[in-house]
Amino acid sequence: MKRLLMLGAATALLAGCAAQGGGGTKSASAAPKAAAPGMNKGYSHDPFPSTYHAYPGRPTLITNVTVFDGEGGKIEGGQVLFRDGRIVAVGQSLDPAGADVIDGQGKFVTPGIIDVHSHLGDYPSPGVDANSDGNEATAPITAEVWAEHSVWPQDPGFARALANGGVTTLQILPGSANLMGGRSVVLKNVYARTMQGMKFPGAPYGLKMACGENPKRVYGSKGRMPSTRMGNVAVNRATWAKAADYRRKWDKYEKDGGEAPTRDIQLDTLRGVLSGEILVHNHCYRADEMAIVMDMAKEFGYQVSTFHHAVESYKIADLLKANNVCSAVWADWYGFKMESYDAVNENLAILDKEGACVMIHSDDANGIQRLNQEVAKAMAAGRRAGMPITPEHAWTWLSYNPAKALGIADRTGSLKPGKMADLVLWNGNPFSVYTRPERVWVDGALLYDMNNPKLRPVSDFELGQPGEGDVK
């Protein structure tokens with residue numbers, strides 16, 4: 001009898017399992033699948049957000065000036081009105097009600113200069129080893145580093161760029177020892193206690209890449225790959241293939257849910273590039289290498305924003321235009337290494353004539369103070385070669401085109417109503433070596449006045465030191 005009762009209980013138990021459809025092989029209830037967070041919401045894409053707040057300004061009307069609007073327009077006897085940090089109107093016979101009026105007779109007004117290639121803050125002054133933080137030259141791929149984490153906001157170079165050069169916005173890039181050197185950051189040229197207090201709100205990040213001699217020299221000398229140009233491309237392609245797989249995993253998780261992939265900070269940056277969220281700024285001199293990079297970009301589905309230095313861009317102006325890739329160049333730097341040898345002073349003018357996007361850049365703490373003069377040289381070289389370049393058009397190389405390359409042209413780079421009031425009043429023709437910024441505004445705040453020693457930016461580091469606030 002006892003045995004019959006045990007058999008009956010076992011039969012009932014098996015029947016219960018069968019009724020649940022598992023036949024005894026599955027648990028009664030599976031763990032619920034994690035909900036999908038939504039595209040680009042699997043992790044923070046902005047863990048170090050901008051805390052920038054514009055300095056206070058006053059409604060201002062500048063009159064009787066020659067205006068270069070930054071997009072190729074010119075107004076003689078013009079006026080510029082701005083208030084609440086924004087351009088209100090540009091033209092003639094504007095209403096001055098409620099505004100401070102500045103008579104700029106014989107002077108010029110332009111948008112503030114934008115330098116797309118700077119290392120200020122990462123290679124600050126004093127230029128000593130203790131402050132040298134721009135090149136993480138420990139591996140050919142260091143896309144995980146962010147230039148902003150090296151920016152020293154007290155670099156005296158920021159003030160010199162603004163007061164001597166009229167620079168109101170600049171991109172800080174990591175150095176070019178590596179194939180992928182890390183993220184760039186775009187800054188408003190104002191002093192703040194932190195890097196985040198200078199950070200241009202909403203500006204896209206960039207990825208600094210490098211072709212040619214630098215990566216193969218740095219890593220070839222260490223007996224590791226890459227040591228050749230073919231090695232450069234091979235390491236890049238292998239890295240992009242890895243990044244594409246990483247992107248697929250995260251896209252799937254953010255769309256469908258489930259278990260989150262393992263985070264890789266390096267690949268986060270490359271996923272951002274492949275998604276179009278992060279712009280590629282590629283140090284590259286030779287035309288043949290630029291062409292290869294553009295084909296590599298097509299292979300992996302990303303867009304190069306700008307080739308920097310680009311001394312041979314003039315050879316492939318048509319390819320650059322067809323691929324919507326800008327060139328950031330010097331006026332006449334050449335010959336300091338083999339890949340920079342085949343330069344021409346007409347490089348910038350030729351690219352512009354052929355309809356390609358082109359701009360000036362500095363890559364230098366001193367050169368950033370004279371970018372207007374560098375454009376004057378490039379304009380003169382073009383004219384000598386028979387290209388009739390107007391000064392108002394040449395200013396696009398200093399403000400609007402760099403703004404386009406940085407993805408911020410909807411907010412700055414030209415004197416259009418609604419844009420940031422980032423502008424310079426020059427005390428003469430801005431393409432003359434005798435001309436200096438007289439006043440500089442950033443978001444409508446007057447940060448420099450050459451006639452008022454109390455109105456010039458001075459970093460906290462400089463206070464009490466010889467040369468404090470010097471703008472010579």
Side-chain angles (χ1 to χ4, degrees), residues 116-117 140-143 171 173-184 204-220 225-244 247 266 269-330 337-343 347 351 354 356-359 361 363 404-407:
V116 74
H117 191 120
I141 304 293
T142 58
Q171 176 176 226
L173 296 151
S176 55
N178 304 332
L179 293 169
M180 299 181 184
R183 292 199 195 196
S184 68
Y205 279 113
L207 170 65
K208 172 67 176 297
M209 295 184 66
C211 301
E213 292 182 25
N214 285 15
K216 78 188 195 80
R217 169 179 50 80
V218 171
Y219 295 99
M225 193 173 184
S227 65
T228 61
R229 281 182 166 81
M230 61 183 176
N232 286 349
V233 175
V235 174
N236 272 329
R237 293 180 71 220
T239 305
W240 284 122
K242 184 178 178 183
R247 180 193 179 192
Q266 179 183 106
T269 293
L270 303 185
R271 180 193 179 208
V273 172
L274 296 176
S275 301
E277 175 186 340
I278 296 175
L279 308 176
V280 170
H281 293 273
N282 203 316
H283 159 123
C284 211
Y285 288 79
R286 283 182 12 186
D288 58 317
E289 291 186 84
M290 288 184 254
I292 289 170
V293 166
M294 287 188 284
D295 280 345
M296 180 170 64
K298 292 173 185 175
E299 179 185 9
F300 291 99
Y302 68 90
Q303 173 69 35
V304 178
S305 167
T306 310
F307 285 119
H308 292 235
H309 312 331
V311 299
E312 292 188 11
S313 280
Y314 67 94
K315 299 182 179 182
I316 53 167
D318 57 331
L319 295 181
L320 294 164
K321 179 182 178 182
N323 285 277
N324 194 30
V325 179
C326 295
S327 295
V329 304
W330 297 295
K337 53 183 175 178
M338 193 65 208
E339 65 186 359
S340 70
Y341 183 78
D342 203 8
N347 189 24
L351 288 162
E354 295 302 315
C357 169
V358 66
M359 68 210 69
H361 71 340
D363 192 28
K404 287 195 295 184
L406 295 175

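Quantities reported herein were computed from a predicted structural model and do not represent experimental measurements. We're numbering straight along the sequence, starting at 1.
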Minimum-distance pair of heavy atoms, taken over all atoms of Ala291 and Ile316: N-CD1, 4.4 Å

Any Tyr205 side-chain heavy atom under 4.5 Å of Glu277 side chain: no

Exam field: side chain Glu289 to backbone Gly212, donor-acceptor pair closer than 3.5 Å: yes

Separation between CG of Leu270 and CZ of Arg247, rounded to the nearest 0.5 Å: 12.0 Å

Val116 versus Ala328, closest heavy-atom pair with distance: CG1-CB, 3.6 Å

Full working for side-chain contact (heavy atoms from CB on, under 4.5 Å) between Tyr341 and Val311: CA-CA 8 Å; Tyr341 183 78; Val311 299; over 6 Å; no

Closest approach of Asn347 to Tyr314 (non-hydrogen atoms, all atoms of both residues): OD1-N, 3.0 Å

Between CG on residue Leu179 and CG on residue Asn236, distance to nearest 0.5 Å: 4.5 Å

Close side-chain approach of Ser313 to Met290, heavy-atom, < 4.5 Å: yes

Separation between CD1 of Ile141 and OG1 of Thr269, rounded to the nearest 0.5 Å: 11.5 Å

pair Ser184-Lys208: side-chain heavy atoms closer than 4.5 Å: no

Greater than 12 external heavy atoms within 6.0 Å of Lys315's NZ: yes

CA sep, side-chain torsions, deciding dist, call: Val273, Phe300, side-chain contact (heavy atoms from CB on, under 4.5 Å): CA-CA 10 Å; Val273 172; Phe300 291 99; over 6 Å; no

Worked check of side chain to side chain donor-acceptor pair (under 3.5 Å) between Tyr219 and Asn178: CA-CA 8 Å; Tyr219 295 99; Asn178 304 332; 2.4 Å; yes

Tyr285 side chain near Lys337 side chain, heavy-atom distance below 4.5 Å: yes

Arg229 side chain reached by Ile292 side chain, heavy atoms, under 4.5 Å: no

Criterion side-chain contact (heavy atoms from CB on, under 4.5 Å) on Arg286 and Asp342, from CA distance to verdict: CA-CA 8 Å; Arg286 283 182 12 186; Asp342 203 8; over 6 Å; no

Min side-chain heavy-atom separation Leu173-His283 under 4.5 Å: no

Parallel, tilted or perpendicular: ring planes of Trp330 versus His309, cut at 30 and 60 degrees: parallel

Value rounded to 0.5 Å, distance of OG1 in Thr306 from CD in Gln171: 8.0 Å

Side-chain heavy-atom pair Cys211, Asn282 within 4.5 angstrom cut-off: yes

From Ser176 atom OG to Glu213 atom CD, the distance as rounded to the nearest 0.5 Å: 11.0 Å

Heavy-atom pair of closest approach, residues Leu320 and Ser327: CD1-OG, 3.6 Å

Donor-acceptor pair, side chain of Asn232 and main chain of Pro226, under 3.5 angstrom: no

Value rounded to 0.5 Å, distance of NZ in Lys298 from CG in Asn323: 4.0 Å

Val325 and Gln303, any side-chain heavy atoms less than 4.5 Å apart: yes

Minimum-distance pair of heavy atoms, taken over all atoms of Pro215 and Ala210: CG-O, 3.7 Å

Nearest atoms (heavy-atom pairs only) where Gly220 meets Ser227: CA-CB, 3.6 Å

Main-chain N/O of Met180 paired with Thr142 side-chain donor or acceptor, under 3.5 Å: yes

Aromatic plane relationship, His117 with His361 - under 30° parallel, 30 to 60° tilted, over 60° perpendicular: perpendicular

Flag, side chain of Ser305 to backbone of Ala405, donor-acceptor distance under 3.5 Å: yes

